[in-house]
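Chain letters run A, B, ... following the sequence lines, proteins first, then strands; residues in each count from 1.
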2 protein chains.
Amino acid sequence: MAARQDAQQADVPAICKSCEARQDSLCGALNARQLAELAKASSRHEVPAGTELPDDATYSNLLSGVVKLTRNLPDGRQQIVGFHFAPDFLGRPFDAKRQIRAEALTNVRLCSFPRAIVDRMTGEAPELGRLLLKHALNELDEARDWMAALGRKTASEKVASFLLMVARNMDPARHPASPISFDLPLTRADIADFLGLTIETVSREFSRLRSDGAIHIVNKRQISLASLAQLEERCGD
Amino acid sequence: MAARQDAQQADVPAICKSCEARQDSLCGALNARQLAELAKASSRHEVPAGTELPDDATYSNLLSGVVKLTRNLPDGRQQIVGFHFAPDFLGRPFDAKRQIRAEALTNVRLCSFPRAIVDRMTGEAPELGRLLLKHALNELDEARDWMAALGRKTASEKVASFLLMVARNMDPARHPASPISFDLPLTRADIADFLGLTIETVSREFSRLRSDGAIHIVNKRQISLASLAQLEERCGD
DNA sequence: CGACCACTTGAACTATCTCAAGGACCGTGG
DNA sequence: CCACGGTCCTTGAGATAGTTCAAGTGGTCG
C-alpha cells in the first residue's frame with residue numbers, strides 16, 4: 001500500500017517520520033523546513049499516571065495515553081471539562097481567564113515544543129493558525145455536547161454516553177461493528193466528576209448496564225461492549 | 001477625551017465609524033482597505049425576537065440584542081449552550097459536526113458579511129485569524145465554566161451565577177459597585193433550559209433570592225440586584 | 001497477615017421534579 | 001368599559017432520581 005507521498009518526504013526529520021501524531025497534530029500543517037526547525041526544538045518526555053501537566057510555556061503532541069482537564073470550585077467540588085486521547089494536541093494559545101488543570105490519567109508520552117516557536121510559526125504559516133482554530137472549535141463542540149448531557153440527560157444516559165465516547169477514542173480505527181474491549185483509563189471517581197454524579201451512582205449504573213447485558217465488566221477497569229448500537233440506544237441521542 | 005486615534009481614521013467607512021461593535025469585533029483586526037471592502041459587502045438587518053438565525057453562509061456582528069444557542073436531544077429535551085450579547089461576533093468558521101441552533105431572544109440588529117470574504121481575509125490578515133481563535137477560546141472557556149456549574153452546582157448557585165453572568169453582559173461598562181437593574185432577555189423556560197433545571201425550580205429560586213433580599217423582582221422580567229457582591233457569595237465560586 | 005484502596009451494594013434521605021391549581025398581565029373583541 | 005382566552009409565572013403537595021451514609025467485598029502491596 002503506497003503511503004501518502006510527500007514531495008518533501010526526504011527532508012522530514014527522522015523522529016517525525018515515525019510519529020504517531022504526525023498528520024493529525026499541528027505538525028501536519030507545517031512544511032519540511034518548519035518541521036525540521038520545530039523538531040530541533042522539540043523534546044519527548046514520558047510522565048507517569050497522576051502527574052499534573054504544568055500549564056507552562058509549551059505545546060505538546062500527546063503521543064500516547066489519556067489526559068483529563070479539570071475545573072474546581074473553591075470548596076473542592078470538581079468537574080472534569082474534557083479529555084485528550086492520543087493522538088491529540090495539548091496546549092492553549094493566549095492566556096486563559098480561568099485556571100484549568102491538566103493531569104495524566106495514564107502514563108503519557110509527549111512531544112513538546114516551546115510556545116514561542118509555535119506562536120511565531122502561526123504568523124508565517126496561515127495553515128497552522130487555521131488548524132489551531134479548527135482544533136479549538138472541535139473542543140468547543142465537544143464541550144457543548146457535554147453541556148447538553150450534564151444538563152439534560154439521566155444518570156444512565158450519561159454513563160452510556162461516556163462509555164461510547166471512551167470507546168470511540170481509545171481505538172478510533174476499529175471497525176464500527178466489531179465488539180469492543182478496553183481498559184478504562186479513569187477511576188469511578190473521575191467518571192463521576194466528569195458526569196456530574198457521585199461514584200455510587202456511577203457504580204450502580206455500571207452494574208445495571210452489566211445485568212442488562214449491554215456491557216461486560218471483566219475486571220473493574222476492563223470493560224467490553226457487546227456492540228456500540230446497544231449503547232447508542234441508551235445514550236439519549 | 002481623545003478617542004483612540006487610528007492612522008487610517010479618515011479612510012474608515014462612514015458606517016463603521018459609528019459601529020457599536022467595531023473594536024471588539026473582527027473588524028478591529030482589519031486595516032482600512034480591508035474594512036472598506038468588507039463594509040461594501042456587508043448588510044445590516046434587524047430581526048424580531050424569536051427569529052431563528054439561519055446557520056448559513058454568513059458571519060455577523062451583533063450590534064444590539066441577545067442571541068441564544070441551543071442543542072436539542074432527539075426527544076425534545078433542550079439545552080442552551082451559550083449566549084451572545086452585543087457587541088459580539090456570530091458565526092462559525094468551518095463546518096460543525098453538531099447542529100446548534102441560534103435564535104434571537106430580543107430584537108436584534110446584525111451586520112452580516114458573506115462567509116467567503118471573511119475566509120479569504122483570514123488568509124491575508126493573520127491578525128484576523130488570531131482574533132477568531134481568541135474568540136473561539138473564549139467561548140470554550142465559558143462553555144467549560146458552565147459545564148462545572150451544570151455538573152456541580154446546586155440550583156440556587158446556578159441561578160445566582162446566571163444572574164451575575166447576565167448582569168455582567170447586559171452593561172459591561174457599568175461601575176462594578178453600583179446597583180444594577182436590567183430586563184432579563186429570557187423567559188423562565190429559557191433560564192431552565194440553560195441551567196439544566198425546570199421552570200418551577202427556577203421560579204422558586206428567584207422567589208427565594210427575593211425574600212432573602214439579594215434581588216428585587218420589579219416586573220417578572222425586570223430584575224434589580226442589590227449588589228454584585230451579595231450574589232457572588234451565593235454563586236459557588 | 002493486615003492495611004489500604006477502589007469499588008459495590010443497601011437503606012435512608014433530600015434536592016429537584018412532576019403534577020396541579022391559581023394569579024398576573026395583555027391583547028382582542030364585544 | 002368589561003369579559004375572554006392566552007401566555008408566563010408562582011406556589012403547593014406529592015413523587016422520585018440521585019445523594020448520603022454505612023457496611024462489605026476483593027484485590028494489591030508491604
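- Residues from residues 146-154 of chain B that place a heavy atom under 4.0 Å from any atom of DNA chain C, listed by number: Thr154(B).
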Every protein N/O lying under 3.5 Å from an N/O of nucleotides 22-25 of chain C:
none

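- A salt bridge is absent between Arg71(A) and Asp193(A); no separation between the charged side-chain nitrogens and carboxylate oxygens falls under 4.0 Å.
- Within residues 67-84 of chain A, no residue approaches DNA chain C, by heavy-atom distance under 4.0 Å.
- Residues from residues 194-205 of chain B that place a heavy atom under 4.0 Å from any atom of DNA chain C, listed by number: Gly196(B), Leu197(B), Thr198(B), Glu200(B), Thr201(B), Arg204(B).
- Across the protein-nucleic acid pair, Lys158(B) atom NZ and dA15(C) atom P stand 14 Å apart, rounded to whole Å.
- A 4.0 Å heavy-atom criterion places the boundary nucleotides of DNA chain D facing chain A at dG18(D) to dC21(D), written 5' to 3'.
- Using a 4.0 Å heavy-atom cutoff across all strands shown, Arg210(A) reaches sugar-phosphate atoms only and no base atom.
- Inspection of the Arg109(A) and Ser64(A) side chains reveals an N or O donor paired with an N or O acceptor under 3.5 Å.
- For Asp183(A) and dA6(C), the CG to C1' distance is 15 Å, given to the nearest whole Å.
- Screening residues 211-226 of chain B for side chain to side chain donor-acceptor pair (under 3.5 Å), with sequence neighbours left out, gives Asp212(B)-Arg234(B).
- One atom, CD1 of Ile217(A), and another, C1' of dT8(C), lie 10 Å apart when rounded to the nearest Å.
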